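So that the names make sense, note that chain A is the first sequence line, chain B the second, and so on, each numbered from 1. Everything numeric here is computed off the predicted structure, so don't read it as measured data.
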Amino acid sequence: MEYLKELNEAQRVATTHLQGPLMVIAGAGSGKTRVLTYRIAHLIDNGVDSFNILALTFTNKAAKEMKERISTIIGSDSGRSIWMGTFHSVFARILRVESEKIGYPNNFTIYDTQDTKSLIKTIVKELGLDDKLYKPGIVYSRISSAKNNLISARAYMDDTGIMADDRSTGRPRLHEVYIEYEKRCFKAHAMDFDDLLFKTNILLKNHPDVLLKYQEKFKYILVDEYQDTNYSQYLIVKRLAARHENICVVGDDAQSIYAFRGANIQNILNFKKDYPDYNLYKLEQNYRSTKVIVDAANSIISNNKNQIKKNVWTSNSEGEKIKVLKTYSDNEEGKLISNDIFDIKNSEQALNSDFAILYRTNAQSRSFEESLRKLNIPYRIFGGLSFYQRKEIKDTLAYFRLTANHNDEEALKRVINYPKRGIGLTTIDKARVCANENDKSLWEVLENPVENGLKLNTGTQNKIGEFVTMIKSFATKISSDSAFDLCNEIAVNSGILKELYTDKTPEGVAKYDNIQELLNGIKGFVETQKTSEEQIVTLPDFLIDVALLTDADNDDPDDKNKISLMTVHAAKGLEFQYVYVVGLEENLFPSQMALNTRSELEEERRLFYVAITRAKKKATLSFATSRYRWGQLVQCEMSRFIEEVDSRFLNMERVFSRNEEKNDLPFGMPANNSSGFSSKKGTNTYKTKKAMPTITTSSTYNKKNLKRIESVENKEGSEVDVKRIVVGAKVSHERFGKGKVINIEGTPPNVKATVFFPEKGQKQLLLKYAKLNVIG
DNA sequence: CCAGTACTTAGGTTG
DNA sequence: TAAGTACTGG
């Protein structure tokens with residue numbers, strides 16, 4: 001119990017209160033994670049079996065780190081057997097076991113946002129709706145928030161309020177999309193992120209035996225970041241905890257920043273109602289930041305009406321005032337801040353990893369990347385396009401998914417013609433219509449085209465047959481081969497690796513390397529998951545994990561000593577010595593979209609609060625008076641949030657002095673300003689790029705005319721040629737060079753040749769278009 | 001069927 | 001600016 005000495009009074013009381021419902025309201029930097037970690041350790045220390053503990057965290061990384069800490073504290077590795085992770089990953093694992101009870105096979109696929117949007121897009125098209133109105137993103141967010149509030153498609157349609165909303169925004173048929181979307185996901189044996197929670201609720205609600213099983217299993221439940229749970233999550237926790245009521249939730253209403261995706265601060269208030277005999281503890285002493293930072297943060301948040309009363313304080317030293325930087329452009333902002341970082345690194349012997357640049361939107365990273373690169377300061381960008389969202393990785397994963405679940409339509413559509421095997425969009429569309437008519441999945445139709453009345457020419461039918469056979473052959477090894485062996489085989493036999501290997505462009509090489517990295521990752525996964533020699537870690541095991549991985553979960557040792565660039569959202573729960581909160585401009589931070597209602601503005605303010613409180617030693621704020629947005633220069637005003645900070649804590653020198661500096665511009669900051677002013681550079685590139693096409697267009701016009709004449713001239717010749725184009729003939733093509741015909745199919749005038757070009761690979765060409773000349 | 005190009009349009013934050 | 005799509009010529 002030595003470890004209890006490492007806690008302050010409030011922390012210790014919360015940690016050692018083991019039985020019954022408990023809520024901990026923890027101010028920023030007050031040791032929230034510490035309490036959670038020590039509390040779990042203490043539970044185990046007091047004889048609670050680690051298998052009986054469920055801990056829900058906000059990221060998988062947080063779970064991993066906490067497990068390690070716990071093992072260290074209690075001096076055994078029983079920390080490993082705690083069920084700990086995000087809501088999504090924990091309940092995905094449970095659904096893998098139980099899904100058959102709610103009618104889903106347990107090899108179900110998890111659709112990510114891309115898959116979801118792509119499916120919605122298809123459905124909107126099929127229903128003949130206006131895709132300008134029914135944009136995938138908007139439709140998805142409607143469906144998503146419905147699901148997070150446990151409103152099924154059926155219930156959605158019956159809800160007069162929701163239906164009125166959709167009518168007023170001009171989307172009266174949105175519910176039809178939802179209904180069809182639900183159907184199609186089910187047919188594809190797929191669940192989206194929201195389904196993982198939604199279906200868990202259905203499972204626990206409709207199957208008392210299953211509920212009882214997990215209530216008995218999870219005798220102790222802990223939830224981190226409780227302020228950011230949505231209704232669906234709230235209800236899962238409530239159901240599971242109903243029997244033993246050993247539930248501990250930890251959170252901070254002032255840091256609630258996910259209302260946009262359904263998070264509900266009400267959950268904190270409901271706690272009192274659900275567990276009237278609950279205990280409430282407040283952690284108010286901040287151990288992280290200087291007095292200036294803590295007090296400045298308090299002054300910001302005091303502008304919010306809705307909050308639970310608490311008094312965050314610190315006994316840390318006063319610290320430096322918060323510096324505010326005014327710049328004339330986004331590029332100058334990048335430059336100034338990079339220089340500042342450079343200076344501090346030298347003067348204070350700071351590490352790269354001590355710094356973070358926090359912005360509101362991912363698009364803002366560009367100017368910082370550029371300026372940091374110029375100064376040779378290594379950085380890491382969190383968020384944005386993650387490794388797993390890259391096209392080549394998604395394509396490869398799609399093969400894996402399709403192997404595990406043939407009905408996964410989004411995966412099927414991705415790879416059926418990649419690498420090119422001559423199964424084009426026309427064919428897929430036909431098959432899709434056929435699937436709809438027969439109420440079957442796309443795969444079922446392709447597997448038995450004739451039986452399902454799908455009319456295709458024999459060539460296409462053969463190609464589909466080959467594809468189906470290939471996927472099936474992969475599938476025979478699902479349970480016998482390890483994930484690594486099988487994935488390797490798929491990468492080779494699907495033709496993906498070959499396709500990228502022949503591509504010698506830098507991008508092609510990078511893609512090839514990425515696939516190798518993916519395979520290495522799978523190898524690592526197989527090794528770490530293995531608990532015994534005989535155990536086989538299979539492809540489905542890997543697939544559950546990979547769908548729910550995020551960038552933050554990637555622990556690349558190369559990334560250790562780098563500056564962090566990320567959105568404020570992504571910075572939640574983290575801390576840095578030096579924090580730069582950038583782009584503090586009206587319409588950006590606070591976001592333009594959040595200015596309509598008070599509650600949205602308050603969420604932006606909490607976001608700003610979160611940003612500032614990440615800093616331990618020094619916080620810096622910046623704004624630009626102009627910046628590029630979608631390629632257009634816009635004027636910006638300083639954010640109201642800067643004005644809301646009590647001026648005693650701000651150092652505004654660099655805001656007021658700028659105007660004078662501007663006057664002695666020729667001498668004061670010539671190089672800095674002229675090149676820092678992105679507008680010039682920007683318009684230049686814009687101009688050249690704009691100018692280029694006009695030149696090329698005129699030249700292509702010439703070329704076009706020339707070609708037309710050529711092709712007319714060729715007409716007579718080609719008639720002769722067509723007859724001479726037979727399998728085995730050597731031909732030449734103006735773009736692909738010399739090649740050999742390896743197949744001819746189709747009936748005139750749609751005769752199609754498959755030609756192998758040693759330089760460009762195998763191509764399929766329609767003879768009526770492609771001018772093939774027989775040579776030799 | 002394929003590939004290059006012209007055109008359009010951008011709701012921001014995430015598991 | 002950048003990405004994604006619709007169009008078009010071969």
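At the phosphate of B:dA3, OP1 or OP2 sits under 4.0 Å from a side-chain N or O atom of A:K420. For B:dA10, the OP1/OP2 oxygens have a side-chain nitrogen or oxygen of A:K135 closer than 4.0 Å. Under 4.0 angstrom from either OP1 or OP2 of B:dG15 there lies no side-chain N or O belonging to A:N230. At B:dG15, none of the side-chain N or O atoms of A:N60 fall inside 4.0 Å of OP1 or OP2 (strictly under the cut-off). OP1 or OP2 of C:dG4 has not a single side-chain nitrogen or oxygen of A:K121 nearer than 4.0 Å.
Atom CZ of A:F58 is separated from atom C1' of B:dT13 by 10 Å (rounded to the nearest Å). The CZ atom of A:F260 sits 4 Å away from the C1' atom of B:dT13 (whole-angstrom rounding). The separation between A:R93 atom CZ and B:dG15 atom P is 18 Å, rounded to whole Å. Rounding to whole angstrom units, CD of residue A:Q632 and P of C:dT1 are separated by 10 Å. Put simply, CG on A:L595 is 17 Å from P on B:dG11, counting in whole angstrom units.
Counting only heavy atoms from C-beta on, A:T361 has its side chain closest to B:dT13 among B:dT14, B:dT13, B:dG11. Distance from the side chain of A:H569 is smallest to B:dT14 among B:dG15, B:dG12, B:dT14.
Taking atom C1' in both B:dG11 and C:dA6, the straight-line distance is 24 Å, to the nearest Å. Distance noted for atom P between B:dT13 and C:dG4: 15 Å (whole Å).
Here A:T113 lies in heavy-atom contact (under 4.0 Å) with a base. Using a 4.0 Å heavy-atom cutoff across all strands shown, A:D194 reaches at least one base atom of the nucleic acid. Using a 4.0 Å heavy-atom cutoff across all strands shown, A:K132 reaches sugar-phosphate atoms only and no base atom. As judged by a 4.0 angstrom heavy-atom cut-off over every strand, A:S591 is placed among the base-contacting residues. A:Y258 comes within contact range of the sugar-phosphate backbone alone, with a heavy-atom separation under 4.0 Å but no base atom that close.
At least one donor-acceptor pair closer than 3.5 Å links the side chain of A:N304 to the backbone N or O of A:E602. With hydrogens and angles ignored, the 3.5 Å screen pairs a side-chain donor or acceptor of A:S99 with a backbone N or O of A:Y104. Side-chain atoms of A:R142 do not come within 3.5 Å of backbone N or O of A:I138 as any donor-acceptor pair.
Below the 3.5 angstrom threshold, one finds no donor paired with an acceptor across the side chain of A:R629 and the base of C:dT1. For A:Q233 and B:dG15, a side-chain-to-base donor-acceptor distance below 3.5 Å is absent, hydrogens and geometry of angles not being considered.
The pair A:K463-A:E466 does not count as a salt bridge, with every side-chain nitrogen at least 4.0 angstrom from each carboxylate oxygen.
Evaluation of the salt bridge (charged side-chain N to carboxylate O under 4.0 Å, His left out) rule for A:K572 yields A:E225, A:D228 as partners, not counting sequence neighbours.
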